[in-house]
Amino acid sequence: MSVHQNDDRAWVRAVAAEFGAMRGRPLVDATIAAVGRRLGTDLATYAELDLKTLRLPDLAADRPVERAVVQQMHDQLTAHPLFAATVRGSHPYPGPPLQVTDVLPERRWRQHALYREIIAPQGIGLHTVALVVGSPPVMRWYQFNRDREFDSREMDLLERLQPALIALHRQTPKRGGTPLTEREVDVVRGIADGLTVPATARRLGLAPGTVRKHLENVHRKLGTSGPVATVMRAVELGILEVPSLEVPSRPG
């Protein structure tokens with residue numbers, strides 16, 4: 001494990017601990033400030049959008065943005081390359097962080113009317129990453145902009161922070177109604193701690209095949225199909241507290 005990875009993990013844990021008691025606008029403002037500083041962005045925003053109405057959302061930002069510009073951006077929202085990708089990728093749980101160059105070559109994005117006519121004239125950076133923290137029908141997401149592309153280390157940092165933000169943005173924690181058995185929760189907790197299936201089995205004193213069977217039941221009950229999605233869904237439902245903030249490895 002590199003020094004950079006240790007530093008990033010320590011930062012994520014510190015941020016999650018600091019924000020643990022926050023909700024609403026204080027949480028949004030603190031997240032925008034902390035992540036914006038960490039990534040060196042020139043604009044960091046947060047928005048909530050009801051996909052049923054597409055009504056103009058309130059926008060929280062770390063710098064003044066004219067209401068007319070927000071209206072222009074909203075009018076072109078569905079034309080943004082990240083819109084369809086993030087909405088499609090966030091059923092039934094938030095998808096991983098995504099930047100615009102993941103879905104559209106930089107050259108084409110520079111030529112896109114939304115960038116040329118609205119974003120660039122405001123001095124907003126070319127590169128954008130979206131961090132979704134709430135699934136449809138009401139999308140909740142942070143967006144970070146700057147002039148240079150976000151590298152793999154920075155995308156990994158956002159992915160580590162995402163489960164904590166999902167948990168903190170839950171409007172109504174759903175505790176006491178978990179569909180999972182106590183043993184299934186133990187298995188999910190092992191995966192959330194970054195353990196493989198064999199390592200989880202050793203922790204629980206079970207055979208690996210038994211753990212895999214429990215995972216199959218968990219996936220069926222939660223409607224998920226992989227470790228990251230399963231942990232995120234468990235956090236959303238209040239089955240797990242904010243996990244240890246390690247990106248879970250693929251079980252095997």
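Between W109 and V103, every side-chain heavy-atom pair lies at or beyond the 4.5 Å cut-off. Within the 4.5 Å cutoff, the side chain of L51 has heavy atoms near those of the L49 side chain. The side-chain heavy atoms of P179 and I239, taken from C-beta on, include a pair separated by under 4.5 Å. Contact of the V28 side chain with the I32 side chain is registered, since non-hydrogen atoms from C-beta on lie closer than 4.5 Å. Residues R160 and D156 are in side-chain contact: their nearest non-hydrogen atoms beyond the backbone lie under 4.5 Å apart. Residues L215 and N217 have side chains not in contact (no heavy-atom distance under 4.5 Å, counting atoms from C-beta outward). Under the 4.5 Å side-chain criterion, counting only non-hydrogen atoms from C-beta, I124 is in contact with M73. You'll find the side chain of L180 reaches within 4.5 Å of the side chain of L222, heavy atoms only.
For the pair R146 and F144, the NZ or CZ position fails the cation-pi test of under 6.0 Å to the six-membered ring centre and within 45 degrees of the ring normal.
Counting only N and O atoms by type, the side chains of Y46 and E48 include a donor and acceptor under 3.5 Å apart. Side-chain atoms of H80 and Y115 form no donor-acceptor pair, as typed in the model, at a separation below 3.5 Å. Under 3.5 Å, the side chains of T128 and N145 contain a donor-acceptor pair of N or O atoms.
Among residues two or more places apart in sequence or in another chain, the salt bridge (Lys or Arg N to Asp or Glu O under 4.0 Å) test is passed with D186 by R183, R189. Residues satisfying the salt bridge (Lys or Arg N to Asp or Glu O under 4.0 Å) criterion with R116, sequence neighbours excluded, are absent altogether. Judged as a side-chain hydrogen bond (donor to acceptor under 3.5 Å, both in side chains), and not counting sequence neighbours, K213 has no contacts. With sequence neighbours excluded, no residue forms a salt bridge (Lys or Arg N to Asp or Glu O under 4.0 Å) with R202. Residues satisfying the salt bridge (Lys or Arg N to Asp or Glu O under 4.0 Å) criterion with R203, sequence neighbours excluded, are D193.
Formation of a donor-acceptor pair under 3.5 Å by the E154 side chain with backbone atoms of D151 is found in this model. Listed for the D8 side chain is no donor-acceptor partner under 3.5 Å among the backbone atoms of L157. The main-chain N or O of T181 is found under 3.5 Å from a side-chain atom of E184 such that the two form a donor-acceptor pair.
Between L161 and V35, the shortest heavy-atom distance links the atoms CD2-CG2, 3.7 Å. Contact detail for P96 and Q162: the closest heavy-atom pair is CA-OE1, 3.8 Å. F83 approaches L77 most closely through the heavy-atom pair CB-O, 3.4 Å. Across every non-hydrogen atom of L54 and T78, the tightest pair is CD1-CG2, 4.5 Å. Closest approach of G20 and L168 over heavy atoms only: O-CD2, 3.6 Å. The two residues R148 and L39 come nearest to each other via the heavy atoms NH2-O, 3.9 Å.
Atom CD of E18 and atom CG of L27 lie 11.0 Å apart (nearest 0.5 Å). Taken to the nearest 0.5 Å, the CZ atom of R140 stands 9.5 Å off from the CG atom of D50. Rounding to the nearest 0.5 angstrom, the gap separating the OG1 atom in T196 from the CD1 atom in I191 is 7.5 Å. Here the straight-line distance linking atom CD of Q143 with atom OG1 of T86 works out to 8.5 Å at 0.5 Å rounding. Note: T224 OG1 to H219 NE2 = 4.5 Å, rounded to the nearest 0.5 Å. Going from atom CD of E117 over to atom NE2 of H112 covers 10.0 Å, rounded to the nearest 0.5 Å.
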Step by step, work out the side-chain contact (heavy atoms from CB on, under 4.5 Å) result for V12 and E159. CA-CA 10 Å; V12 170; E159 190 169 356; over 6 Å; no

Could you walk me through whether L98 and M155 pass the side-chain contact (heavy atoms from CB on, under 4.5 Å) check? CA-CA 8 Å; L98 199 65; M155 296 299 286; 5.6 Å; no

Chi angles and distances behind the side-chain contact (heavy atoms from CB on, under 4.5 Å) call for T101, E149: CA-CA 8 Å; T101 50; E149 193 169 13; 2.8 Å; yes

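Ion pairing between a basic and an acidic side chain is recognised when a charged N comes within 4.0 Å of a carboxylate O; E106 and R110 show such pairing.
Put simply, L82 and V138 are part of two different groups of oily side chains (I, L, V, M, F, W, Y) that touch within less than 4.5 Å, one to the next.
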Listing, residues 59-66 side-chain donor-acceptor contacts under 3.5 Å, not counting sequence neighbours, or none:
{"from": "D62", "atom 1": "OD1", "to": "A44", "atom 2": "N", "distance (Å)": "3.0"}
{"from": "R63", "atom 1": "NH2", "to": "Q122", "atom 2": "O", "distance (Å)": "2.7"}

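You'll find the ring centres of F19 and H169 outside the 6.0 Å limit.
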